[in-house]
Amino acid sequence: MTRLIKFEFYKLFCKRSILAVLICFSLMNLFKINNEFHSYSYLADGDDSRSWNSIYWQLYADYRGEITTEKINRLLSIYQPSADATADMTASTAMDNPDTMTGNIYSDLNLLEKYYVEPMEYFYHYRTYALDIAERAKKNAAIYKERGRTVEARKNSVIYNLYSGRSIPSFAYQEMYNYYLNYDFSGILILFLCLYGIVGVFVCEKETQMNLLLLTNLAGGKKTTFAKIAAASLFVTGSALWFSLLDYIGFAYFFGTTEGGNLPLYAIGNFSTAAINCKLWQYAVLSAAIRAIGIWTMSMIFLLISMFGRNALIPFVSDFGAALFLIITGASKSHSGNILLKIVNPYSLLANRILFGRTEFISLAGYPIQSFLAAIIFAITVGLSSIMAMMILSKKNYYCGT
């Protein structure tokens, strides 16, 4: 069986056309990441001695690490004079002021606010914010338990355990991870690459009627079907992991650092209510695995649809329509309160901040299950069900009846 899977993999996916699409999409992805850096990061202004990039990293050596009162006071000692001088908007707008770090006092103020004051303030106060949520959840759990509302009591107990003890004691650069975790473009590329790769898995042999001949072969029938499914699974999960790795390498290269990876996930603003406690680099690994599950599930659905086609056009149009439907509905419902729609759409696993960015639950048999866990279980169930359906629908081998 291993040899058969290997044969099917090389036959179906080791093609020049697929390799060309993979290379093209990879270059597009890197170009997009580079564009993200130059379009949104204020540190993309070069290495001039007065650029934001140079000044930021000069200051960074003094403020990285544990947040202390001494560091806060030192930061305020350079920030407050700029804030006071620009309060009435009458300060000089000269770009070559020798008494400033960047050449302009307003530029100094904006640099300090965006990259030091605001993030350090968020880090410093996050412990109080998380403690408040934990205490309210603890009180709610007790109240719901008294009223006999077991599910709500259990839900608040989970929230208490999740948020109690949360804090961000250290300051570090987090801009690269902020853009990396909110980057979705590669997910679309993965989806269309996999769609292009798997649409002909069953169709190519039907077009030449080779599928009928294979039924007379010892390795034909359901064995061949299983080998095709296994080969397709390897292709789509490998593609997903490749683009996840490419994303990380691309962001690290263009932003010039992986600094901040040891910060907790909730150090990123839109993950302040994150559903898990882990470090940023750990979430990068987890995200790659979750994306692979999501694209695998969607690909198994596409593969099942393609079984009913006798030429490439109809399965491609059908699969493309299904992909667009999942993308559009997934993106439109990403910030809605309808948790069930996020769970049943495997696109949520591709753009998984939809699930991990908020602490949400769904009740199952009297137990609160976090939305990301429910989505993973549902996606795997759908994927395996699609495989079972393909195996049932595939014809038996005439030679040995399997």
Side-chain angles (χ1 to χ4, degrees), residues 18 21-22 24-33 35-36 179-201 232-233 235-244 246-247 250-251 270 286-306 308-309 312-358 360 371-372 374-383 385-386:
I18 291 180
V21 174
L22 176 62
C24 180
F25 279 8
S26 296
L27 293 174
M28 286 174 61
N29 192 44
L30 291 174
F31 178 81
K32 177 64 174 175
I33 294 171
N35 186 63
E36 290 276 311
Y179 288 114
Y180 167 71
L181 297 182
N182 289 283
Y183 181 72
D184 292 333
F185 182 70
S186 63
I188 307 299
L189 296 179
I190 296 168
L191 186 55
F192 287 131
L193 171 64
C194 294
L195 182 62
Y196 175 72
I198 67 175
V199 72
V201 167
S233 297
F235 171 70
V236 299
T237 53
S239 298
L241 294 174
W242 163 250
F243 276 96
S244 293
L246 191 66
D247 284 353
F251 274 93
N270 61 335
L286 175 63
S287 176
I290 299 302
R291 291 177 88 189
I293 294 173
I295 194 62
W296 173 77
T297 299
M298 296 172 79
S299 296
M300 292 303 101
I301 295 171
F302 300 152
L303 208 55
L304 177 60
I305 293 172
S306 71
F308 298 97
L313 180 60
I314 294 176
F316 181 79
V317 172
S318 301
D319 288 347
F320 186 77
L324 285 181
F325 174 78
L326 292 172
I327 292 170
I328 293 170
T329 54
S332 63
K333 300 299 181 181
S334 61
H335 299 291
S336 74
N338 194 325
I339 303 171
L340 185 61
L341 289 179
K342 301 177 189 178
I343 291 172
V344 300
N345 190 339
Y347 175 77
S348 297
L349 298 180
L350 264 71
N352 47 64
R353 70 175 186 280
I354 295 171
L355 297 170
F356 287 96
R358 297 172 65 178
E360 297 176 319
S371 59
F372 75 87
I376 294 170
I377 294 171
F378 181 81
I380 293 174
T381 303
V382 170
S385 299
S386 298

Audit row: I188, I327, side chain to side chain contact (heavy atoms under 4.5 Å, CB included) steps and yes/no: CA-CA 8 Å; I188 307 299; I327 292 170; 3.9 Å; yes
Any donor-acceptor pair under 3.5 Å linking the side-chain atoms of Y183 with those of N29? yes
pair L340-V344: side-chain heavy atoms closer than 4.5 Å: yes
Quick one, L22 with Y196, criterion side chain to side chain contact (heavy atoms under 4.5 Å, CB included). Give me CA distance, side-chain angles, the key distance, then yes/no. CA-CA 10 Å; L22 176 62; Y196 175 72; over 6 Å; no
Between OG1 of T381 and CD1 of I376, what distance do you get to the nearest 0.5 Å? 11.5 Å
Knowing that exactly one of I295, L349, L355 qualifies, which makes a side-chain contact (heavy atoms from CB on, under 4.5 Å) with I290? L349
Nearest-0.5 Å distance that lies between atom CZ in F25 and atom OG in S239: 10.5 Å
Quick one: closest heavy-atom pair of A322 and I305, and the distance? CB-CD1, 4.3 Å
Knowing that exactly one of T297, V199, V236, L195 qualifies, which makes a side-chain contact (heavy atoms from CB on, under 4.5 Å) with F302? L195
Does the side chain of F251 reach to within under 4.5 Å of the side chain of L181, using non-hydrogen atoms? no
Over all atoms of both residues, closest heavy-atom pair of M298 and P346: CG-CG, 3.5 Å
Is a side-chain N or O of S348 found less than 3.5 angstrom from the main chain of K342, in a donor-acceptor match? yes
Take atom CZ of F185 as the centre, draw a 6.0 Å sphere, and report whether it contains more than 12 heavy atoms from other residues, nucleotides or ligands. yes
What's the spacing between I343 CD1 and I354 CD1 if we round to 0.5 Å? 12.5 Å
Short side-chain to backbone donor-acceptor contact, S306 and L303, under 3.5 Å: yes
Would you mind reporting whether V382 and M300 have side-chain heavy atoms less than 4.5 Å apart? no
